Protein chains: 2
Amino acid sequence: MTMQNLTALPYVAWVEPQDEHRIVLSTRLRLARNLSGRNFPHRLNDAEAEEICGKLAAALPQDGEFAGEDWQILRLDELLEREQGVLLEKHLLSRDILQHTQGRALAVNAAQTLALMFNEEDHLRMQAILPGLQPEAAWQRLSALDDRLSERLDFAFDDKLGFLTACPTNLGTGLRASVMLHLPALQITGRLEGIFAQLPQAGMTVRGVYGEGSQSEGNLFQISNRLTLGLTEEEIISRLRRLTEQLVAQEVQAEEWLRANRLLWLQDKIGRACGILSSAYLLSSAEAMQQISLVRLGLAMGLCDKIDWRELNLLMLAVQTPFLLTDSRENLSAAERDAARAKLCRQKMCGSAQADIL
Amino acid sequence: MTMQNLTALPYVAWVEPQDEHRIVLSTRLRLARNLSGRNFPHRLNDAEAEEICGKLAAALPQDGEFAGEDWQILRLDELLEREQGVLLEKHLLSRDILQHTQGRALAVNAAQTLALMFNEEDHLRMQAILPGLQPEAAWQRLSALDDRLSERLDFAFDDKLGFLTACPTNLGTGLRASVMLHLPALQITGRLEGIFAQLPQAGMTVRGVYGEGSQSEGNLFQISNRLTLGLTEEEIISRLRRLTEQLVAQEVQAEEWLRANRLLWLQDKIGRACGILSSAYLLSSAEAMQQISLVRLGLAMGLCDKIDWRELNLLMLAVQTPFLLTDSRENLSAAERDAARAKLCRQKMCGSAQADIL
């Protein structure tokens, strides 16, 4: 893996097309760990933080199950803003860690399925991302990584509280398990709000994947557990699976309702989305995501054949602003971004040959 | 010419593509005449009206310049509603004559360039329609037809008032001369209202071609003279030419302003219009006309190559509701019409092969 692949190309583990991933794009698990006897990151000076980064990097496993991971370690203070943006879009970085980049680093394996942030809120935040609904497999990976790191590092642990974390919401298992879902049919049929209102009772929380705050763009939502304490890792994971399977079933039901009751209306929506992506010359990020979401629903329901899953998944990433920027186009105006985004969509939807007349 | 061609197929003289017709679609001249010593049509009973229809039909010239016109005479009370609608869209009939169809008829030549209404407001309303800006040629045709009819019929004429008509606004020459203009660039740049406000001073009046009242759909406008009295036919015609040439120059200027100042924005508008016509499954008449108008501007400015002039002209007619109806589809619901209209647009824009996935 080159630095270019990691910080510029719109690739993530979940772009690979698999039919069962059409609603659940990816599963992401993360563990929070801290070195015992050291201050939490917000109380470290830059030199101490650097030292901890070095210690953590040296502990990365390279053999056994982890042979060939080809870890790449990025110092966050050396990254360009757009490279940071790309890593955010890939969910390899959090926004929080970018508040103060000195003494902060990111380690990623070649497949971009394992990512470790050094000195975010905790000394170590390690995550596994896998395509589709795979919380057990992700947990197996993450747990194995945790075990190997524990052999070389002394993690702060309390018999009563479990793993100690900077923020009490992460105490206990330190495990946050989440899925990224595409729920356009539930959104269109107006059922989403009612369903989401019940999530807190199930110990789950929801937020939009793109867009400000919890606002969703492209009908993408991230569901994750609220509690890390008082449950075992296995319970957290099985709850996530159960709830996700329920949401998938409801989305499929909503698709079938649309097929039975609003087919022509839906075909029109999806057709127009294809048409606009194929031929617009200016596309805002919000509109691009909205149209891509409809095309995605079209693929899922067999109502569109203008693009395949893998290309559409890549496009969904690639229209995000950081991917549109390059060395020679660092400072695009809003209109220039919209033009670059539209050109990309035309090329992906039509093939480059017929994309431009001028 | 078959009846089918005349009352069902979306063909008019101005569909033939000629570059200079891109702004002026057609020129239409009409003369009003009445037989002397007879009541005007609104005071005739049906039997008297029938008799006059017979008299007029028998007088149609078939030789000399008019050999091969292959006149077809339609009794309006024998036409289906959708056939009447088609003839309205082709501007071969007026709405007024459909108020009372007994004893009313229409004579049309094979080229659909000459149309004579019997017993509309006057006994005879005869018109010539030619593509592009051709008021002189249209006048030559119409004047020759008038001469030939005068040889066989005694038209009511007064030395002071000229030709007598049922409504005083048609007195004198009885000549109404009009052009159909497509003015999208003036509309988009917001200059149209100011220009139209000056038309009455020039003795001209404007109305939309499609849509209710003077509301325009598809940026199509009809400009015609207000006065028929006090001017010679040649003056009416030369005024119409002068004014039309000014409007064309202003439209071209507006196109160039858009090209210089809003190119990307315009490409986006035109691209989306192509995209929507190519892929929507529901299109209202108003939206279809709006998108077709943008594609038409795209053709005019070399910003679109997805369809040619002739096909687009035909499409502009064919999306009008009466053309969507057939024997087997007489009573389409609004949604069914929108679906049929969208299907037609997809076929024209994409070729039938890729138009439908289902």
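Throughout, protein chains are lettered first and strands after them, A, B, ... in sequence-line order, and every chain is numbered starting at 1. From a predicted model like this one, the values you see are computed outputs, not experimental measurements.
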Colleague: Is the count of non-hydrogen atoms from other residues, nucleotides or ligands lying under 6.0 Å from Asp308(B) atom CG greater than 12?
Modeller: yes

Colleague: Do the side chains of Glu336(B) and Leu264(A) get nearer than 4.5 Å, heavy atoms only?
Modeller: no

Colleague: So which heavy atom on Arg272(A) is nearest to which on Leu283(B), and how close?
Modeller: NH2-CD2, 3.5 Å

Colleague: Taking all non-hydrogen atoms of both residues, which atom of Leu282(B) and which atom of Asp268(A) are closest, and how far apart?
Modeller: N-OD1, 2.8 Å

Colleague: Atom CD of residue position Glu81(B) - does it have more than 12 heavy atoms of other residues, nucleotides or ligands inside 6.0 Å?
Modeller: no

Colleague: Among the options Ser279(B), Ala339(B), Gly275(B), pick out the one with the most heavy-atom pairs lying under 4.5 Å from chain A.
Modeller: Ser279(B)

